[in-house]
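Scroll down for the structure; my scribbles are underneath it.
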Amino acid sequence: MRTLPVGRHALLLEVDTADRAEALHAELLRRRAAGTLPAVREIVPAARTVLLDGLADPAALAADVTGWRIPPLSPEAGEHIEIAVRYDGPDLAEIAELWREPVERVPEIVGAITFRVAFCGFAPGFGYLTGLPERYHLARRATPRTAVPVGSVGFAGEYAGVYPRSSPGGWQLVGSTDAVLWDADREPAALFAPGVRVRFVAVGP
């Protein structure tokens, strides 16, 4: 683990894999809940890092954290939610071809995967979902779309995701959902939060 000071009151923890970043984030949350983590304002996970902001003494934690034993994340840990998906994405046929599977098999393949929200970003409510087996990783589209409809479900690299609002994007779109990913009047506003497990359930058109 690499520790990097960020300003006077923040510390960036860097690891070498996404799995380790998720496990580190879970361990930080566990220690905070147990009262064994120094007071911290925010814990922000990313692809290979976790940022802790609002620390009184970042150097002291940096000296301590490298000696921690970080257990692997349990597959059953975290809240579980299901997202109903229509497999009507404009890239569905291309995705099936890249996976070397019949189109009809795509909902079955995706539905059998338990994804996990690793971190959030890009837009309010957007979660980067890990768990896609390596053989199903997909490159981004060579030409991004100028407008991806809200609720589009897509893949890019090792990640799956759902567009919480219409925006430009280069992910391969497999389907769509009516789930509301972001609602400023809801508590919490974001449906996806780091650590949440997600299953995509196929529904009709």
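Along the sequence shown, the residues carry numbers beginning at 1.
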Legend entry - Any donor-acceptor N/O pair, R32 side chain to P38 backbone, under 3.5 Å: no
Legend entry - Rounded distance [0.5 Å steps], NE2 in H137 versus CH2 in W99: 10.0 Å
Legend entry - For D57, side chain to side chain donor-acceptor pair (under 3.5 Å) partners two or more places apart: none
Inset, instruction - Among Ile, Leu, Val, Met, Phe, Trp and Tyr joined by side-chain contacts under 4.5 Å, find the other residues sharing a cluster with L51 and list them by chain and number. - result: L4, V6, L12, V44
Legend entry - E27 with R20: basic N within carboxylate O range, under 4.0 Å: no
Legend entry - Donor-acceptor contact below 3.5 Å, side chain D53 vs main chain V40: no
Legend entry - Partner residues of E108 under the salt bridge (Lys or Arg N to Asp or Glu O under 4.0 Å) criterion, sequence neighbours left out: R105
Legend entry - Nearest heavy atoms of A56 and H9, plus distance in Å: O-ND1, 4.2 Å
Legend entry - Expected output: side-chain R31 to main-chain T36 donor-acceptor under 3.5 Å: no
Legend entry - Shared hydrophobic cluster, L132 / I81 (ILVMFWY, side-chain heavy atoms < 4.5 Å): yes
Inset, instruction - Find out whether P5 and P58 are in side-chain contact, i.e. whether some heavy atom of one side chain is under 4.5 Å from a heavy atom of the other. - result: no
Legend entry - Hphob cluster co-occupancy, W182 + Y128, side-chain heavy atoms under 4.5 angstrom: no
Inset, instruction - Specify the closest pair of heavy atoms between P164 and L181, including all atoms of both residues, with the distance to one decimal. - result: CB-CB, 3.6 Å
Legend entry - ILVMFWY network linking V153 to V117, side-chain heavy atoms under 4.5 angstrom: yes
Inset, instruction - Starting from the C-alpha separation in whole Å, work towards a yes-or-no answer on side chain to side chain contact (heavy atoms under 4.5 Å, CB included) for Y136 and E101. - result: CA-CA 11 Å; Y136 298 127; E101 297 281 358; 4.2 Å; yes
Inset, instruction - Using the test salt bridge (Lys or Arg N to Asp or Glu O under 4.0 Å), find all partners of E158 that sit at least two apart in sequence or belong to another chain. - result: R48
Legend entry - V180 with Y163, same ILVMFWY side-chain cluster at under 4.5 Å: no
Legend entry - Contacts of type side chain to side chain donor-acceptor pair (under 3.5 Å), residue D178, not counting sequence neighbours: R86
Inset, instruction - Hey, could you give me the CG/CG distance between D19 and L24, rounded to the nearest 0.5 Å? - result: 12.5 Å
Output side-chain donor-acceptor pairs under 3.5 Å for residues 89-97, partner residues at least two apart or in another chain, one line each.
| residue | atom | partner | partner atom | Å |
| --- | --- | --- | --- | --- |
| D91 | OD1 | R141 | NH1 | 3.1 |
| D91 | OD1 | R145 | NH2 | 2.9 |
| D91 | OD2 | R145 | NH1 | 3.0 |
| D91 | OD2 | R145 | NH2 | 3.4 |
| D91 | OD2 | L173 | N | 2.7 |

Legend entry - Residue pair L52, E42: steps toward the side chain to side chain contact (heavy atoms under 4.5 Å, CB included) verdict: CA-CA 6 Å; L52 297 100; E42 290 188 274; over 6 Å; no
Inset, instruction - Calculate, to the nearest 0.5 Å, the distance between atoms CG and CG belonging to L37 and L29 respectively. - result: 9.0 Å
Please output the side-chain donor-acceptor pairs of residues 61-76 that fall under 3.5 Å, not counting sequence neighbours, one pair per line with the distance.
| residue | atom | partner | partner atom | Å |
| --- | --- | --- | --- | --- |
| D64 | OD2 | W68 | NE1 | 3.0 |
| S74 | OG | E76 | N | 3.2 |

Legend entry - ring pair (Phe, Tyr, Trp, His ring centres under 6.0 Å) pairs, two or more places apart, involving residues 10-59: none
Legend entry - Sequence-distant partners of T114, side chain to side chain contact (heavy atoms under 4.5 Å, CB included), two or more places apart: R197, R199
Inset, instruction - Please test F192 against V162 for side chain to side chain contact (heavy atoms under 4.5 Å, CB included), starting from the C-alpha separation and ending with a verdict. - result: CA-CA 10 Å; F192 287 169; V162 182; 4.2 Å; yes
Inset, instruction - Specify the closest pair of heavy atoms between A139 and Q172, including all atoms of both residues, with the distance to one decimal. - result: O-NE2, 3.2 Å
Inset, instruction - Could you list the residues that satisfy side chain to side chain donor-acceptor pair (under 3.5 Å) with D185, not counting sequence neighbours? - result: none
Inset, instruction - Check whether the ring centres of W171 and F122 lie less than 6.0 Å apart, and answer yes or no. - result: no
Legend entry - Single hit among F119, F115, F126 for ring-ring contact (aromatic ring centres under 6.0 Å, His included) with Y159: F119
Inset, instruction - List the steps and the verdict of side chain to side chain contact (heavy atoms under 4.5 Å, CB included) for V110 and Y87. - result: CA-CA 10 Å; V110 176; Y87 282 83; 3.3 Å; yes
Inset, instruction - Check the hydrophobic clustering (I, L, V, M, F, W, Y; side-chain heavy atoms under 4.5 Å; chains of links allowed) and say if L191 and V203 are grouped together. - result: no
Inset, instruction - Return the set of residues passing salt bridge (Lys or Arg N to Asp or Glu O under 4.0 Å) with R186 (not counting sequence neighbours), or none when no residue passes. - result: none
Legend entry - Within-4.5 Å side-chain heavy-atom neighbours: M1 and L13: yes
Inset, instruction - Side-chain contact test, heavy atoms from C-beta onward, threshold under 4.5 Å: evaluate it for E22 versus P194 and give yes or no. - result: no
Legend entry - Closest contact, heavy atoms only, P144 versus A142: CD-O, 3.7 Å
Inset, instruction - Grab the two heavy atoms, one from A47 and one from A21, that are nearest each other, plus how far apart they are. - result: O-CB, 3.7 Å
Inset, instruction - Please confirm whether the backbone N or O of V85 pairs with a side-chain atom of T177, one donor and one acceptor, at under 3.5 Å? - result: no
Inset, instruction - Identify, with sequence neighbours excluded, every residue that meets side chain to side chain donor-acceptor pair (under 3.5 Å) alongside E14. - result: R2
